[in-house]
Structures are given as C-alpha cells and as structure tokens.
Amino acid sequence: MIPRRPPRRVLAPALAVLGCVAIVAGCMPPVPAPASPAPTASVPVASHLASPSPSPSAAGSPTATADAAATYAQIERQVVAIRGLQPKATVDPKVLDPEQLKVHVATEFTKDNPPAVVGANERLLKGLGLFPKDASLADLYVKLLGSQVAGFYSPDDKALYVVSRSGAVGPVERVTFAHEYTHALQDQNFNLKSFDLGAVGQGDRGQARLSLIEGDAVTVQTQWTTANLTSAEAMQLFQAALDPEALKILEGMPPILRESLEFPYDAGLRFVMRLQGRGGFAAVDKAFANPPASTEQILHPEKYDSGEAPVTVSIPNDLAARMGAGWKSSLEDTLGEFELAVWLRGGTDRIAVANMAAAGWGGDRVELLDGPNGAWAIALVTEWDTAADATEFADAAGAVATKLEAATVGTQPGSKRVTVLIGSDPAVAAQLDALMGNTGA
C-alpha cells in the first residue's frame, strides 16, 4: 500500500498502492444478479506469497483460521480461472481490524516518508491552492487511508492483508481478497517492483502504471463478485460502501487527495476494460509488458495505442542558484493531465471545462523552490499538443492564478508552451518571472 522507498511526491503512487479502497466505486461493484459460483481452476493453487513475518505495526495479526483458509483457497482458484495467471508461491493472508490498520498506515507512512519530503509536498500543494493553509498533509493522508482501505498487498514484503471489522470472512472480506490476490498474481508474473511506482520525479508515470495495476485487479474483482455473490451478499457489500463515517471522511478531503485515491480504480478500470474488450486478458498482459507512460494515456487510451509519449520538459537546473543566496530546490516532478485537471477546477465549478483545458497535454515539469525567511516559489512549465491547446490551458490557468498568493501565467502567440509562476509574495513572483521571462525556460 505504501512504498518502502520514499517517493519524491506522496500524492499519487503512495496513496493507494495495491490496496482495495472500500468506498471507491471500483472496489464496490454494482449489485449483481444471483449467479452460480464460477468453476474453480484445475491447477493446484499454492498461490502467491511466501508466508511473511508480520510487520511491527501488524504484529499479532492473525492468520486465517482453518475455515477462512479454505474460503481463501477457493477464491484463489476462482481468481486464477478468471485472470489466467498461474500462481508461483503460497499466500498467507493476514487479518487486521480497523484499529490495527490505522496503526499500520501511520507507522508505515512515518517510516517511508521523511518529514522533509512530506513538508515539500505540503508546501507545493498549498502554493498551488490545492490544500488548505492550516491542514497537515501527513495527518489527512493517514486519516484518509485509515478510513478507506479494505485490504492491501505489499510487493516489498510479499504480504497480503485483509481488513475485517468482525473478524469473519464475509462478502467484503471475500471481495477484498479476490482483489488483493490478483495483485499477488500480478507480482509473481510481472514483478510489480520493476514498475517503480515511487520513482523520484515520476509521479504522473507512477499514477499511470498504478492505474493499470489497479484497473486489472478491479476488473477481476468485479467478475468474481458477479459470479460468486448472491444478491443478498452483494447488498451487504453495497451497504458497507455507504458507511457514513467513512463517507464523511472521504467527502471532507481536499479534492487532490480524494481524487488521487480514486483515479487508479475508476480510470484504471475503464482503461483495462477497453483492453480486455478488444483482446481479453492477453491484451492486459501485453500492457504489463508495455505499461502506460502517463495519465494522459489512461484518460485517452487511443494515445496509448499510438504510443504518444510525454514530451520531455525541463526547468533550468540552476534556477535556485539564480534566485539568490539561501534558495534551494526542494521538489521536482511531473503533474500530468490528471492532476492539472484537478488544479484547474480551482478556477471553475464546471468540471468538464477543466478537463477539456487539461486535454491536449504534451508534458510538464514543476519545481518547488524554498528560500530564506519562509519564502517559496513554484515554477510550472507545460507543453501542449497544439497552440490552441496551449491557449485554452492558459486561459483556464489564469482563472486559477487570480486566486493564488502571487502568480502569473505566460505564453506567446502561436507557442505550445505555457509557464505558470507562483511566489510566496509579489516580490518573489516578480523575481521568478524576471528569471524565467514567463514564456518558458
């Protein structure tokens, strides 16, 4: 769920890596009609994980009882029959109660995300207007995951966890296990660690790859649910997704956190269903060999089909030094079409307008600079497919800029580049503008 190696940004890949989120539509499929159980696979399922040692935060978490183990073994066979990937190792699922989950999330977050990394992300979000000025990113992040996650699989530890409120193996736990066991099969067959979801400076790519991984698991989980739950059990699943406390927490989150959590499941499901509809799970397997490179490719799969890769965008590597003594670069990454669309919604209440303005994305790079006495600056350089796309983005970005501390949006007629410069005060913004010319590097 949370990468062992700290990512440069904690927005996208760290939010829900290989987890099943209880409230997200992707992990709570539509209530199916009654169906007969799917036939089990004939292959013996030693399943996927070598039995792990519990992590310190999950110490004492029980392994499955004999009855639960038999249920999980049956689900393993059914998932193998649906997905077509063969298990290569055994699995020993661990069961956490909600309080153990919260402890696990908080412990892993603290261990894997140094305060400097979290602080830089928080300042970037606040500078972009995506996060409340008085909020703590770490606190909200841990609260969000602790309230929404129903289970998770760790490629680092080869460990699978299911969260159970009652300790029983009911419909929610069974569906969660089907989802997480799919991740185990993915890992055994495609080596999920090689996807490098937490790569420094590759937040958008990580979100795109995570969308493939989660979209595949949601597809399998949905097929398993349709084949194996009765209408009454599916209704229990639906009711669990409407837990008022969890919904209140989700709805109270800043959109960038909430939507980053949901994106890999919702958009990833659409992406994978398109692949599967055209070539079955064999086409999905091919995508694991050639994963999507950007959230643009997830949102516009025809661009994945054509191999339209992101444009390389750079910011001068000496920008901090040029800002003067005491300035340093604290964070650099790519936002991508998805996060830019979320950002643009700060300037309009029309989601479709923001999404359209973010479409036509070619590439981007954002850098957070920290200076003396609490000063900070953000440089965002974007490239667009056409000059018309650039103009549309510049207009939408201008509406957001008017709501920020001190910001300018610059481009030139006929140019496909748009630069957004933001400062902690007008003097800092003017200094950054003078260095960048606000028409690009």
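In what follows, every heavy atom counts, from backbone to side chain, and hydrogens, waters and symmetry copies are set aside.
Residue K143 places its NZ atom among 12 or fewer non-hydrogen atoms of other residues, nucleotides or ligands, all under 6.0 Å distant.
The aromatic rings of F177 and Y181 lie parallel to each other, their planes meeting at an angle below 30°, with 60° marking the opposite boundary. Below 30°, between 30° and 60°, or above 60°: for Y304 and F271 the angle between ring planes is above 60°, a perpendicular geometry.
The closest side-chain donor-acceptor pair between D370 and S330 falls under 3.5 angstrom. There is a side-chain donor-acceptor pair under 3.5 Å between T295 and D204. Side-chain N/O atoms of D216 and Q186 include a donor and acceptor closer than 3.5 Å. No side-chain donor from either of N228 and R174 sits under 3.5 Å from a side-chain acceptor of the other.
When all heavy atoms of P254 and L140 are compared, the pair lying nearest together is CD-CD1, 3.8 Å.
Rounded to the nearest 0.5 Å, atoms CD (E405) and CH2 (W376) are 5.5 Å apart. Summarising the geometry, atom CG belonging to L237 is positioned 9.5 Å from atom CD belonging to E233; distances are rounded to the nearest 0.5 Å.
Less than 6.0 angstrom separates the ring centroid of F288 from the ring centroid of F195. Between F152 and H104, a ring centre-to-centre spacing shorter than 6.0 Å is recorded.
Within the 4.5 Å cutoff, the side chain of L144 has heavy atoms near those of the L261 side chain. Considering only heavy atoms from C-beta on, E392 stays 4.5 Å or farther from W384 through its side chain.
Judged by distance alone, with hydrogens and angles left aside, the side-chain atoms of R365 form no donor-acceptor pair with the main-chain N or O of S314 at under 3.5 Å.
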